[in-house]
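These figures come from a predicted structure and were not determined experimentally. What you see below is based on every heavy atom in this structure, not just the backbone, and it leaves out hydrogens, waters and symmetry mates.
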2 protein chains.
Amino acid sequence: MSLRYALLGLLAEEPASGYDLARKFERNLRRYAWHAQHSQIYPELNRLAADGLATVVEQGPRGRRTYAITDVGRIELRRWVLDPNDEPVVRNEHTLKLFLLSTLDVEDARKVLRQQAEGSREEYERLRAAIDEAQQAGRPAVSLLAAELGARYFQTLHEWAQWALDRLDSAEDRSGNA
Amino acid sequence: MSLRYALLGLLAEEPASGYDLARKFERNLRRYAWHAQHSQIYPELNRLAADGLATVVEQGPRGRRTYAITDVGRIELRRWVLDPNDEPVVRNEHTLKLFLLSTLDVEDARKVLRQQAEGSREEYERLRAAIDEAQQAGRPAVSLLAAELGARYFQTLHEWAQWALDRLDSAEDRSGNA
DNA sequence: ATTTACATGTAAGACGTTACATGATTCT
DNA sequence: AGAATCATGTAACGTCTTACATGTAAAT
């Protein structure tokens, strides 16, 4: 049911069309929290409207329909966000690969870690710059919490990769190899 | 296809039965990287064996079959881990809720953040203790990289939640509320 | 003797991805 | 005029969850 609440959450931030929502997933959510293709979004929007959690507030060109969350939808979203999910399941192919690094030989592991350190540094800097810009533009503090979390995740990933590279070096030193 | 490689990766660490693998997902992987139920694991193990990527190396009591990764399986696993997946998709219901905090009013957001700060601190300490113990026991450095990443993720989550609470306080001060 | 843990499997339904399908509007 | 983008939808297929199903071995 997460898709339903992801859509409801995005609509709670601002009204949007299915097309808009697909781009929001792609740009803002996919790398951190959730994803959906348009083929999943459009039918779910119709269900949300049928269930009275969202409603069409504007018809635009090319059949565009802008949806907004309803009061009932907001109550249902709040209930879901406040409900502590005890046994969370994370699916992250990238993290899975990092967890399986120990199955590679040291040179392969080093290669992955170097790519990782580089990639996460870039992503961190990109996010940090975006946050700074949003702050300059006067965006409210609460709307930047998510971006800050994303930035810190990539920072952590970067620092971990650097630390892991150091660790492999010193382990190799102790074992007496070149 | 991630499940296939998750299983291959776990078998690359050590031979295991479907039952063992289900427990490894539950205990080591579910909160960080991937998950699978036994109903998915057993059929996939049969497919891995049929494809020559894993093989039964021991028959135990109660129909237990211990699988090991084959040389072909190891090559295929290495190929997958080294292959940079350009457009990663993360599904994390917990992170999704944190990303949607801005849709709540400030008191609700504070409540979630306090729970978050507490929960992630506990999880961090649990992991840190486990790592220390493994280190004392002389586990090789490379096998602890994943645990270290998990610990750092929770540490980051904790620090972010604390920071976010501070942020909400100072935003409230500036707006002149109690 | 009973309970708990071990151990494997299948089936139905929900969820998610990829491919197919169509058409309007805007930009160059 | 042609290309890119906007915009919505369905269908087939693959993945994942939940429920059903069965039986053995170890622990109390």
Side-chain angles (χ1 to χ4, degrees), chain A residues 1-8 10-11 15-27 29-31 33-51 54-67 80 85-93 96, chain B residues 1-8 10-11 15-27 29-31 33-51 54-67 80 85-93 96:
Chain A
M1 298 290 288
S2 292
L3 169 62
R4 159 156 285 209
Y5 295 103
L7 291 172
L8 230 34
L10 291 172
L11 292 179
S17 68
Y19 190 85
D20 296 336
L21 293 165
R23 283 187 309 180
K24 281 171 194 276
F25 274 113
E26 190 62 49
R27 295 180 186 171
L29 244 35
R30 170 179 186 142
R31 295 171 177 213
W34 209 262
H35 188 57
Q37 316 274 359
H38 77 268
S39 59
Q40 223 184 338
I41 293 169
Y42 290 118
E44 187 63 36
L45 280 175
N46 286 326
R47 281 188 287 266
L48 285 171
D51 295 346
T55 183
V56 176
V57 289
E58 194 192 324
Q59 308 258 355
R62 282 165 291 199
R64 176 189 170 94
R65 288 192 300 280
T66 304
Y67 289 82
W80 180 79
N85 53 336
D86 292 326
E87 292 298 341
V89 173
V90 174
R91 277 174 215 281
N92 187 334
E93 189 177 304
L96 177 57
Chain B
M1 298 291 286
S2 292
L3 169 63
R4 159 156 285 208
Y5 295 103
L7 291 173
L8 231 34
L10 291 173
L11 292 179
S17 67
Y19 190 85
D20 296 336
L21 293 164
R23 283 188 308 183
K24 282 172 194 275
F25 273 112
E26 190 62 48
R27 294 180 187 169
L29 243 35
R30 168 178 188 143
R31 293 167 179 219
W34 209 260
H35 187 57
Q37 316 273 0
H38 77 267
S39 59
Q40 221 184 339
I41 293 169
Y42 290 118
E44 187 63 35
L45 280 174
N46 286 326
R47 281 189 287 267
L48 285 171
D51 296 346
T55 182
V56 176
V57 289
E58 194 192 324
Q59 308 258 357
R62 283 164 292 197
R64 176 191 171 93
R65 289 193 298 280
T66 303
Y67 289 81
W80 180 79
N85 52 336
D86 292 325
E87 292 297 342
V89 173
V90 173
R91 276 175 215 281
N92 187 333
E93 189 177 303
L96 177 58

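Side-chain to base pairing of Ser39(B) with dT18(D): one donor and one acceptor N or O lie within less than 3.5 Å of each other. Contact of His38(B) with dG9(C) (side chain to base): a donor-acceptor pair of N or O atoms is detected under 3.5 Å.
With dG23(D), dT5(D), dC16(D) as the candidates, the nucleotide lying closest to the side chain of Arg62(A) is dT5(D). In this structure, the nucleotide among dT17(D), dG9(D), dA7(D) sitting nearest to the side chain of Arg91(A) is dT17(D). Of all nucleotides listed (dT17(C), dA7(C), dT17(D)), dT17(C) comes nearest to the side chain of Val89(B). For Ser17(A), the side-chain atoms get nearest to dT8(D) when compared with the rest of dT8(C), dT8(D), dC16(D). Between dC16(D), dC6(C), dA7(D), one nucleotide has an atom nearer to the side chain of Trp34(B) than all others, and that is dC16(D).
The interatomic distance linking Phe25(B) (CZ) with dC16(D) (P) rounds to 9 Å, in whole Å. In this structure, the CD1 atom of Ile41(B) is 15 Å from the C1' atom of dT10(C), given to the nearest Å. Rounded to an integer number of Å, the gap from Leu48(A) CG to dT8(D) C1' is 16 Å. The separation between Tyr5(A) atom OH and dC15(C) atom C1' is 15 Å, rounded to whole Å. Counting to the nearest Å, the P atom of dC15(C) and the CG atom of Leu3(B) are 20 Å from each other. Atom NZ of Lys24(A) and atom P of dA7(D) are 13 Å apart (whole Å). Separating the OH atom of Tyr67(B) from the C1' atom of dT8(C) is a distance of 9 Å, rounded to the nearest angstrom. Counting to the nearest Å, the P atom of dT18(D) and the OH atom of Tyr42(B) are 18 Å from each other.
An OP1 or OP2 oxygen of dC6(D) is reached within less than 4.0 angstrom by a side-chain nitrogen or oxygen of Arg23(A). Residue Arg4(B) places none of its side-chain N or O atoms closer than 4.0 Å to OP1 or OP2 of dC16(D). One finds no side-chain N or O of Arg64(B) lying less than 4.0 angstrom from the OP1 or OP2 phosphate oxygen of dC6(C). The side chain of Gln40(B) contributes an N or O atom lying less than 4.0 Å from OP1 or OP2 of dC16(D).
Nearest-nucleotide positions on DNA chain C place Met1(A) closer to the 5' end than the other of Pro61(A) and Met1(A).
A salt bridge links Glu44(A) and Arg47(A); the closest N-O separation between the charged side-chain nitrogens and carboxylate oxygens is under 4.0 Å.
The closest donor-acceptor contact from the side chain of Arg30(B) to the backbone of Glu87(A) lies under 3.5 Å.
Looking only at side-chain heavy atoms (C-beta outward), Leu8(A) and Trp80(A) stay at 4.5 Å or farther from each other. Side-chain contact between Leu45(B) and Leu11(B) is present, with heavy atoms from C-beta onward closer than 4.5 Å.
Minimum interatomic distance between Ala36(A) and Leu3(A) (heavy atoms only, all atoms of both residues): CB-CD1, 3.5 Å.
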